[in-house]
Every structure is written in structure tokens, then in C-alpha cells.
Amino acid sequence: MTGFAIGIDGGGTSCRAAVADRTGNILGTGKAGAANIMSDPEGALANIVESAKAAFQGAGLPVSDIDKASVVLGVAGANVGPYGARIQASLPFARSRVVTDSLIALQGALGDGDGVVGAFGTGSVYSARRDGKVTEIGGWGFVVGDQASGARLGRDLLEAALLAHDGVYPATPVTTLVMAEFSNDPQKVVEFAHISKPKDFARYAPLVFGHAERNDPVALAIVSKAARDIDDTIQSLLWPECRAICLLGGLAGAYRSRLATSHQTLMAEPKGDALQGAVAFAVDLAREEGVRA
């Protein structure tokens, strides 16, 4: 193995990177902005590289040496069309591999073991490993997917606020609060929706959960549907002998107690997070290249 290994978790709100030595020991970490390779590929590339540089700086390593590193980037959209290949071709590292965010989440949570993993942050994605075979579900973006993600919760809240404003359904404290933020002007809500990125919608997720805890009908309906979506997706990935379900991401804790009892009984603490999964893959990539050399 030559150089260093960098694992990168490219999220919809922020991009996290960690640089490790040949044993997988993490030497430094770094963070930058969002990595949306489908909606903002140029911005994503800049943030991916910036996070790697920040990790090198955190480790006290020369930033100029990142071009000698082996890098594995896990990011949403890597499995859609040419986006993953395009971003991989643009990365300025010695060796690069772009994989889905679900794959690094799976590796981080389970190591080499079997089980089902769901990751919930700005976006959402699922994966399962059974006897070495990996299945991935979701990661399609909040416009047509990403159920139970922060961005989807925010989108659903804005939709509900507009419906309440139009008198289709009764207003509740959370819809009233949202409309007040936009000066009770539905056109401002629509303008916001058309110019905003997933992370802008995701900032409403804490508001949804907070009001759901206070039994606000709209917030409770949004969260309850999200929990059902999680249960349905997990169930589609389960098999009779499966003994481990892991939830990752910033929203994981908020969902655990809302899932079906049959799924809660299989909940296991993840061994690590998605970033650690990316680091493990990066170390393997560096070793592969070292053997070839």
C-alpha cells in the first residue's frame, strides 16, 4: 500500500472525509458543503475535494499529497445514469472509486456481516447483505423517493401548509408556523420550493418531529407515514434468518421507537457509520493497488 486512504461520505447537507493509514487507523477528519452530484455536480466536486483537504489538514499532512491517495467516495446518485462515472473521472486523486451511499452505510454498520441497514439524513437509502450478496434500495432523491428523509419531511410539511392555507384541510400549529415564516404568502412558499436544494427542505425535519411529539395532527401524520414507509422497505429486505437491523443517520434515533415491534426486536447497534465504511473500502483499494505495484 502506498500513500494514504481517504474515505468520503458525500451527504446532501455536508461532505465528510477521513484520512487513514495502511492499518485503517484514522489520522484526521474534515468537512465541507453538500455533495449533490446530480443537481450540482460542480459544487459537489469542489466540496468533495475540500473535505479531503480538510482531512489532510486535520491529520497534519501536506495537502499537496492528496493526489497520491486512494479514495472511496460514497454518494447518492452514484447508481443513477452517468453521474457516478462522471464524478469519479473528475476526482484529482491517484486512485478513486465512487460507490453508493447505501454501500458505505452497510459496510460501516455491519462490517462484513449480514443484516439490513437504513440510513436517514437529508436523503434516505437502504441496503442488505445476505450470504455476501448485497441488495440496495432507494436513494432516488426526494422529488420521487427518499421517503422518511429530512428533505422529504420538509417537502411534505410545505405541501401540507399550502393545503391548509387553501382551506383543503384545517390549519394546525405547525402549518400556521410555516406559513407565518413566509408572511402567509403561498407564492413565497412556491418560490422557495423551486429554488431550494434538498438541505433547505431538510431543515424543517426537527420542526416536524417536535410538533409530532406534541400530537400536532399534520406533523404526526407526516412522521407516521414516514415510519410506515421505513417498515415497508425494511420488510421487503428481510429474510427469516436475519438477526440484525441497523439504522444510521441524523434521523435514525427519532424513528426507532415508531417502527413495528417486530423490527424493533431486531435492532442492533451499528459497528460504525457511513464514513467508517468508506474508510474501510478506501484502505482495501489502497492495498489492492499496492499489491499490483
Side-chain angles (χ1 to χ4, degrees), residues 11-13 76 100-102 105-106 108-110 115-129 135-164 169-175 177-178 198-240 242-270 273-274:
T13 297
T100 62
D101 49 348
S102 65
L106 179 74
L110 300 176
V116 175
V117 175
F120 310 95
T122 302
S124 68
V125 70
Y126 303 80
S127 54
R129 184 189 289 124
T135 302
E136 299 177 81
I137 289 179
W140 306 124
F142 79 107
V143 176
V144 292
D146 280 11
Q147 291 80 8
S149 69
R152 185 61 178 261
L153 292 177
R155 191 211 72 87
D156 291 351
L157 176 59
L158 293 182
E159 178 184 25
L162 287 174
L163 288 169
Y169 300 114
T172 70
V174 73
T175 63
L177 188 62
V178 169
K199 67 177 181 179
D200 301 316
F201 288 90
R203 71 180 179 87
Y204 289 100
L207 188 68
V208 174
F209 280 111
H211 280 76
E213 291 293 334
R214 295 192 283 275
N215 293 317
D216 181 288
V218 165
L220 197 56
I222 292 172
V223 172
S224 296
K225 181 185 183 301
R228 290 195 302 272
D229 288 336
I230 295 172
D231 276 326
D232 289 346
T233 308
I234 286 175
Q235 189 61 41
S236 74
L237 290 167
L238 279 179
W239 62 97
C242 182
R243 293 292 178 266
I245 297 172
C246 294
L247 302 185
L248 295 177
L251 301 181
Y255 282 125
R256 279 195 184 94
S257 64
R258 299 178 182 275
L259 300 184
T261 302
S262 60
H263 293 159
Q264 291 188 44
T265 59
L266 294 176
M267 286 294 164
E269 286 300 315
D273 63 8

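Just so you know, residue 1 is the first one in the sequence shown, and it goes up from there.
Judged by distance alone, with hydrogens and angles left aside, the side-chain atoms of Thr172 form no donor-acceptor pair with the main-chain N or O of Asp216 at under 3.5 Å.
Annotation: side chain of Asp156 is in contact with side chain of Glu159 (closest heavy-atom distance under 4.5 Å). Taking 4.5 Å as the limit, every side-chain heavy atom of Leu266 sits out of range of all side-chain heavy atoms of Ile234. Looking only at side-chain heavy atoms (C-beta outward), Leu163 and Thr175 stay at 4.5 Å or farther from each other. Side chains of Val116 and Tyr126 form no contact here, defined as non-hydrogen atoms less than 4.5 Å apart. The shortest side-chain heavy-atom distance between Leu259 and Met267 falls under the 4.5 Å cut-off. Side-chain atoms of Val208 and Val174, non-hydrogen and from C-beta on, never get closer than 4.5 Å to each other. The shortest distance between side-chain heavy atoms of Leu110 and Arg129 falls below 4.5 Å. Using a 4.5 Å heavy-atom threshold, the side chains of Leu207 and Leu157 count as touching.
Leu251 contributes atom CG, which lies 8.0 Å from atom OG of Ser149 (distance to the nearest 0.5 angstrom). Arg228 contributes atom CZ, which lies 12.5 Å from atom OG1 of Thr233 (distance to the nearest 0.5 angstrom). Note that the CD1 atom of Ile222 and the CZ atom of Phe209 stand 10.0 Å from one another [nearest 0.5 Å].
None of Leu106, Val125, Leu237, Leu247 except one satisfies the side chain to side chain contact (heavy atoms under 4.5 Å, CB included) rule with Val117; the exception is Leu106. The one candidate from Leu248, Ile230, Asp146, Leu153 that meets the side chain to side chain contact (heavy atoms under 4.5 Å, CB included) condition with Phe120 is Ile230.
When all heavy atoms of Leu220 and Ala212 are compared, the closest pair comes out as CD1-O, 3.7 Å. Looking at every heavy atom in both residues, Leu177 comes nearest to His211 through CD2-CE1, 4.0 Å. Minimum interatomic distance between Ala171 and Ala164 (heavy atoms only, all atoms of both residues): CA-CB, 3.8 Å. Of all heavy-atom pairs between Tyr204 and Gly154, the closest is CB-CA, 3.9 Å. Heavy atoms only, all atoms of each residue included: Trp239 and Ala128 are closest at CZ3-CB, 4.4 Å. In terms of heavy-atom proximity, Ser102 sits nearest to Ser127 at O-OG, 3.2 Å.
Between Asp229 and Lys225, at least one side-chain nitrogen of the basic residue sits less than 4.0 Å from a carboxylate oxygen of the acidic one, meeting the salt-bridge criterion.
Qualifying side-chain hydrogen bond (donor to acceptor under 3.5 Å, both in side chains) partners for Gln264, counting only residues two or more places apart in sequence or in other chains: none.
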Assess the residue pair Val223 and Arg258 against the criterion (side chain to side chain contact (heavy atoms under 4.5 Å, CB included)); give the C-alpha distance rounded to whole Å, side-chain angles, the decisive distance to 0.1 Å, and a yes or no. CA-CA 9 Å; Val223 172; Arg258 299 178 182 275; 3.4 Å; yes
Chi angles and distances behind the side chain to side chain contact (heavy atoms under 4.5 Å, CB included) call for Gln235, Asp232: CA-CA 5 Å; Gln235 189 61 41; Asp232 289 346; 5.8 Å; no
